[in-house]
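As the structure is a computational prediction, the values presented were derived from the model and not from experiment. Order of the sequence lines fixes the chain letters, A, B, ..., with proteins taken first and strands second; residue numbering starts at 1 for each chain. All heavy atoms count here, side chains included; hydrogens, waters and symmetry mates do not.
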Number of protein chains: 2
Amino acid sequence: MKKHQITIVDIARQLNISKSTVSRALTGHPRVSEKTKEAVLKLAGELDYQRNMLAINLMSSQSHTIGIIVPEFVTSFFPMVIMGAQEVASKAGYNVLISQSNESYETEVANAKVMLDNRVDGVLVSLTRETRNYDHLNVFQRKGIPIVFFNRVCDDMQVPKVVVDDYEGAFKAVEHLILTGRKRIAHLGGPTSLHVSKKRLEGYKDALRKYSQPIDQELILDYDLNLDKVKIYIKHLLDLPQPPDALFTINDPTAFEAMLFMKAKGIKIPEQIAVVGFSNNYGSTLIEPRLTTVAQPTHEIGQVAAQLLLDQINSDASEWKPIYRVLKTELLVRGSS
Amino acid sequence: MKKHQITIVDIARQLNISKSTVSRALTGHPRVSEKTKEAVLKLAGELDYQRNMLAINLMSSQSHTIGIIVPEFVTSFFPMVIMGAQEVASKAGYNVLISQSNESYETEVANAKVMLDNRVDGVLVSLTRETRNYDHLNVFQRKGIPIVFFNRVCDDMQVPKVVVDDYEGAFKAVEHLILTGRKRIAHLGGPTSLHVSKKRLEGYKDALRKYSQPIDQELILDYDLNLDKVKIYIKHLLDLPQPPDALFTINDPTAFEAMLFMKAKGIKIPEQIAVVGFSNNYGSTLIEPRLTTVAQPTHEIGQVAAQLLLDQINSDASEWKPIYRVLKTELLVRGSS
DNA sequence: CTGTTAGCGCTTTCAA
DNA sequence: TTGAAAGCGCTAACAG
């Protein structure tokens with residue numbers, strides 16, 4: 001299955017010059033005479049020569065590839081981030097190797113190994129909900145391969161991170177609920193291991209505090225993001241002696257599930273319960289009423305993260321700084337609140 | 001920025017044996033004594049040796065990577081397909097290089113070049129809505145790199161293709177509308193250049209024919225899949241002297257837009273107009289009423305396409321056959337019809 | 001079972 | 001401006 005390949009030697013032979021000259025001509029090296037350059041370029045075109053990145057990669061010990069490790073990419077969030085990252089990366093001549101861990105720690109570890117094997121020049125990672133151990137990521141550090149976290153970041157590693165202001169986003173969401181007269185605001189949060197869960201919970205609490213509303217532990221639930229379980233938690237909340245009149249969820253998919261369940265129960269949204277989500281995922285304007293949510297600048301997250309990574313790739317490891325970029329969120333008030 | 005790398009020579013030197021022996025031990029070659037093998041494996045572990053795929057790739061002139069070119073990946077369809085493909089690929093030790101053409105022909109061409117530069121061992125492609133010229137894909141053929149099309153296939157190239165039975169899916173959808181008493185079924189189709197558009201239109205027409213309903217050209221529209229334009233077409237249909245009482249759209253996002261517009265106009269779905277989409281995208285159970293749609297086995301499409309590609313990669317080009325795999329669709333009847 | 005040699009396609013010294 | 005030679009890290013072929 002040997003593939004037919006046109007190489008630099010082929011061109012050199014046909015033109016009866018050395019391969020180094022051909023290489024120089026092809027790479028736009030300054031010290032090549034115009035005529036040889038032209039001849040080379042012409043023949044290369046005719047022969048449909050295509051440079052072999054495999055060889056270049058080995059030479060330079062750079063794969064010209066950055067890896068992206070995300071927990072999933074069916075809800076629109078990660079695809080949007082990836083788009084932003086890909087834009088920046090490919091503009092700089094880098095490929096993007098995407099792997100989804102499927103929210104599985106095991107898979108994340110395996111994916112990391114693949115990235116390592118393939119000598120990615122850097123990685124962008126957003127952790128799974130179950131990742132507690134970071135050995136597989138520390139390897140990158142040890143090998144001098146830059147990492148940038150985004151969204152689901154790791155507090156224990158001193159590397160650049162790109163997040164949105166989860167605290168403020170949650171704060172604004174809950175404040176909005178308070179200002180529209182809600183008295184018992186429940187929060188269905190994410191796993192407490194995730195940084196975003198903690199921040200959003202803090203924002204929730206502080207908003208209540210600011211307006212002197214009691215923080216009722218009964219109304220604060222956290223769950224593992226397994227959407228099938230949402231209805232259980234919602235049912236629990238609704239069955240409370242004093243059920244909530246508003247719900248702030250960790251993300252939009254959770255809010256969708258909650259709304260679907262409540263609508264099936266005949267509960268009026270927002271009259272009986274107002275709902276606010278987080279992220280402005282695809283679908284938030286499809287559901288009825290349209291979901292009020294905290295929008296994240298997904299595309300920008302990807303761009304910024306990729307740029308931060310490229311900056312590290314192109315600088316000495318000694319100059320790497322654990323830059324922490326916090327992007328702004330925007331509260332989108334819609335029909336559900 | 002030279003990176004610190006542990007290589008086979010390092011291990012060989014430390015153990016005072018030849019590098020070929022080390023290589024053999026590492027790759028599980030049979031003719032290596034147990035003790036040397038153990039020693040090598042042990043030291044490799046301690047040194048945290050990681051094989052360099054860059055070198056292996058050059059050696060074997062194989063990148064161990066397959067490329068996937070898709071028009072977009074924000075609606076859930078392509079991500080699901082990619083997941084299926086990735087599963088099969090990584091099980092076989094292949095990486096996946098994903099690129100989205102953003103429905104732009106130019107970008108598709110550029111992406112194809114990147115894939116070529118990187119010597120992908122094969123490509124999975126789903127065309128943009130504007131691709132008419134296939135030179136950039138024929139290059140792969142010429143270079144002996146296998147291609148498999150899926151979903152948006154190219155009729156002009158004799159290569160394997162994986163599609164769903166668009167004709168039958170559309171037929172079933174329209175038949176369902178007829179059997180539930182609809183008399184004027186409109187069709188908002190996709191660009192006529194796309195194979196899927198043609199097939200779905202055929203299915204639509206044949207269903208009408210089977211039940212002796214007139215085919216009213218007034219009710220058949222095709223558009224470029226630019227969702228912003230949907231409302232224009234729907235308005236046009238509704239303003240007809242005899243407006244339709246059912247709508248079959250080329251895909252779900254189109255149906256969503258149509259429903260949103262009609263609901264805003266106060267039109268009752270399905271009472272006044274029944275709606276049926278295609279693909280069972282994310283969101284079809286979020287919108288109200290829930291969308292009746294023709295489900296595609298997205299995951300399976302990806303798996304089958306990847307497998308077909310791997311089969312070609314692992315066989316001589318002379319044995320390649322333009323296998324045409326047609327997968328079954330399933331009509332999901334929900335509230336919108 | 002182990003070592004030696006050569007080479008994948010390219011770039012990069014160092015000379016000429 | 002051009003050429004010759006060395007080498008990136010690995011594996012495969014051929015000896016021993």
*Asks:* At 4.0 Å (heavy atoms only), tell me whether Leu54(A) reaches a base, stays on the sugar-phosphate, or touches nothing.
*Replies:*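 Contact class for Leu54(A): none.
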*Asks:* Tell me whether Glu46(B) is salt-bridged to Lys42(B), with the criterion being a basic N under 4.0 Å from an acidic carboxylate O.
*Replies:*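 Yes.
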*Asks:* The side chain of Leu58(A) lies closest to which of these nucleotides: dG9(D), dT11(D), dG3(C)?
*Replies:*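 Looking only at side-chain atoms, Leu58(A) lies closest to dG9(D).
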*Asks:* Which nucleotide wins on minimum distance to the side chain of Val32(A), given the candidates dG9(D), dT2(C), dT2(D)?
*Replies:*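 Closest nucleotide to the Val32(A) side chain: dT2(D).
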*Asks:* Return the value, rounded to whole Å, for the distance between atom CD of Glu38(B) and atom C1' of dC1(C).
*Replies:*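 Rounding to the nearest Å, CD of Glu38(B) and C1' of dC1(C) are 16 Å apart.
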*Asks:* Ser20(A) has a side chain; which of dG3(C), dG3(D), dT11(D) sits nearest to it?
*Replies:*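 Nearest to the side-chain atoms of Ser20(A), counting from C-beta on, is dG3(D).
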*Asks:* Are OP1 or OP2 of dT11(D) and a side-chain N or O of Ser23(B) less than 4.0 angstrom apart?
*Replies:*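 The answer is yes; a side-chain N or O of Ser23(B) sits under 4.0 Å from OP1 or OP2.
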*Asks:* If you round to the nearest 0.5 Å, how far is CD1 of Ile56(B) from CD of Gln62(B)?
*Replies:*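 Reported to 0.5 Å precision, the distance equals 11.5 Å.
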*Asks:* Mark yes or no for whether Ser104(B), through its side chain, and Thr107(B), through its backbone, hold a donor-acceptor pair below 3.5 Å.
*Replies:*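 A pair under 3.5 Å: yes.
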*Asks:* For Arg24(A) and for Val9(A), find the nucleotide of DNA chain C with the closest heavy atom, then tell me which residue's nucleotide is more 5'.
*Replies:*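 Counting from the 5' end, the first nearest nucleotide belongs to Val9(A).
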*Asks:* Just the rounded figure in Å: distance from P of dC8(C) to CD1 of Ile56(A).
*Replies:*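 Roughly 16 Å, once rounded to whole Å.
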*Asks:* Charged N to carboxylate O under 4.0 angstrom, Glu108(B) versus Lys113(B)?
*Replies:*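 Answer for the salt bridge query: no.
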*Asks:* Between Asp10(A) (CG) and dC8(C) (P), how many Å, whole number?
*Replies:*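 That distance rounds to 11 Å.
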*Asks:* Identify which nucleotide among dC10(D), dT2(C), dT12(C) has an atom closest to any side-chain atom of Ile8(B), counting heavy atoms from C-beta outward.
*Replies:*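 Comparing dC10(D), dT2(C), dT12(C) against the side chain of Ile8(B), the answer is dC10(D).
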*Asks:* Would you give the length of the straight line joining atom CG of Leu41(A) to atom NZ of Lys37(A), rounded to the nearest 0.5 angstrom?
*Replies:*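 Here the rounded value is 7.5 Å.
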*Asks:* If I take atom CD1 from residue Ile82(A) and atom CG from residue Leu124(A), how far apart are they, to the nearest 0.5 angstrom?
*Replies:*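 Between atom CD1 of Ile82(A) and atom CG of Leu124(A) there are 9.5 Å.
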*Asks:* Let me know the distance between CG of Leu15(A) and P of dT2(D), rounded to the nearest Å.
*Replies:*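 Answer to the nearest Å: 11 Å.
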*Asks:* Using atom CD1 of Ile6(B) as one end and atom P of dC8(D) as the other, report the distance to the nearest whole Å.
*Replies:*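 Rounding to the nearest Å, CD1 of Ile6(B) and P of dC8(D) are 15 Å apart.
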*Asks:* To the nearest Å, give me how far apart NZ (Lys37(B)) and C1' (dC1(C)) are.
*Replies:*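 In whole Å, dC1(C) C1' and Lys37(B) NZ are 12 Å from each other.
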*Asks:* Between Thr21(A) and dT2(D), does any side-chain N or O lie under 4.0 Å from OP1 or OP2?
*Replies:*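 No.
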*Asks:* Let's see if you can work this out: which of dG9(D), dG9(C), dT11(C) has an atom nearest to the side-chain heavy atoms of Ala55(B)?
*Replies:*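 Closest nucleotide to the Ala55(B) side chain: dG9(D).
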*Asks:* Starting from P on dG9(D), measure out to CE on Met59(A) and report it in whole angstrom.
*Replies:*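 It works out to 10 Å between those atoms.
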*Asks:* Could you please name the option among dT1(D), dT2(D), dC10(C) that lies closest to any side-chain atom of Arg31(A)?
*Replies:*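 Closest nucleotide among those given: dT1(D).
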*Asks:* Looking only at non-hydrogen atoms, find the nearest pair between Lys143(A) and Asp48(B) and report the distance.
*Replies:*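 Looking at all heavy atoms of both residues, the closest pair is NZ-O, 2.8 Å.
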*Asks:* Quick one: Lys19(A) NZ to dG3(D) C1', roughly how many Å, whole number?
*Replies:*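 Atom-to-atom, Lys19(A) to dG3(D), this comes out as 11 Å.
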*Asks:* Side-chain donor-acceptor pairs under 3.5 Å in residues 70-78 of chain A, sequence neighbours left out?
*Replies:*
unit_1: Glu72(A); atom_1: OE1; unit_2: Val74(A); atom_2: N; d: 2.7
unit_1: Glu72(A); atom_1: OE1; unit_2: Thr75(A); atom_2: N; d: 3.2
unit_1: Glu72(A); atom_1: OE2; unit_2: Thr75(A); atom_2: OG1; d: 2.7
unit_1: Ser76(A); atom_1: OG; unit_2: Tyr282(A); atom_2: N; d: 2.9

*Asks:* What parts of residues 41-53 of chain A reach DNA chain C, counting only heavy atoms under 4.0 Å away?
*Replies:*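 Close to the strand are Tyr49(A), Asn52(A).
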*Asks:* How sharply is the helix from dC1(C)-dG16(D) to dA16(C)-dT1(D) bent, taking the axes over five pairs at either end and rounding to 10 degrees?
*Replies:*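 Axis-to-axis angle, ends of the helix: 40°.
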*Asks:* Any side-chain donor paired with an acceptor under 3.5 Å for Thr21(A) and Ser18(A)?
*Replies:*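 There is such a pair (donor and acceptor under 3.5 Å, judged by atom type) between the side chains of Thr21(A) and Ser18(A).
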*Asks:* In terms of ring plane angle, is the pair His136(B) and Tyr105(B) parallel, tilted or perpendicular, where the classes change at 30° and 60°?
*Replies:*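 His136(B) and Tyr105(B): perpendicular rings.
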